[in-house]
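Just below is one structure, and these are the notes that go with it.
Start at 1 and go down the list; that is how both ligands and their atoms are numbered. Residue numbers start at 1 and run along the sequence shown.
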Amino acid sequence: MKPAGVVRKVDQLGRIVLPKSLRKRYQMNEGDPVEILVQGDHIILERYRPKCVFCGSMESVSDFKERCICNQCLVEMNRLT
Ligand SMILES: [Zn+2]
């Protein structure tokens, strides 16, 4: 991890403005979901990508009854029926 060379203050509601250059570089657009991760003393922002509820995979994930499931788990489930 390296510093982005930017210092911002947290406002009274806990908000921080991400510099436009970083939003552009990491393709974060208005309305995009962002996941907040923690690692030790660090807070990490990541573009949100849906993960399979069963195996955590981010490959070929689709929605099923408001949950995310990957193709591999879907195939395995179909084998059970
Ligand atoms: Zn899966």
Rounded to the nearest 0.5 Å, how far apart are OG of Ser60 and CG of Leu74? 10.5 Å

According to a hydrophobic-cluster definition based on side-chain heavy atoms being under 4.5 Å apart (Ile, Leu, Val, Met, Phe, Trp, Tyr only), do Met58 and Tyr48 belong together? no

With a cut-off of 2.8 Å, which protein N/O/S atoms are close to the Zn ion (ligand 1), if we only count those under it? Cys52 SG, Cys55 SG, Cys70 SG, Cys73 SG

4.5 Å side-chain heavy-atom contact, Leu45 and Leu18: yes

Can you find a heavy atom in the side chain of Cys55 that is under 4.5 Å from one in the side chain of Cys73? yes

Listed once per pair and sorted, the salt bridge (charged side-chain N to carboxylate O under 4.0 Å, His left out) pairs that draw on residues 31-59, sequence neighbours left out: Glu35-Lys51

Arg8 side chain to Ile16 main-chain N or O, any donor-acceptor pair under 3.5 Å? no

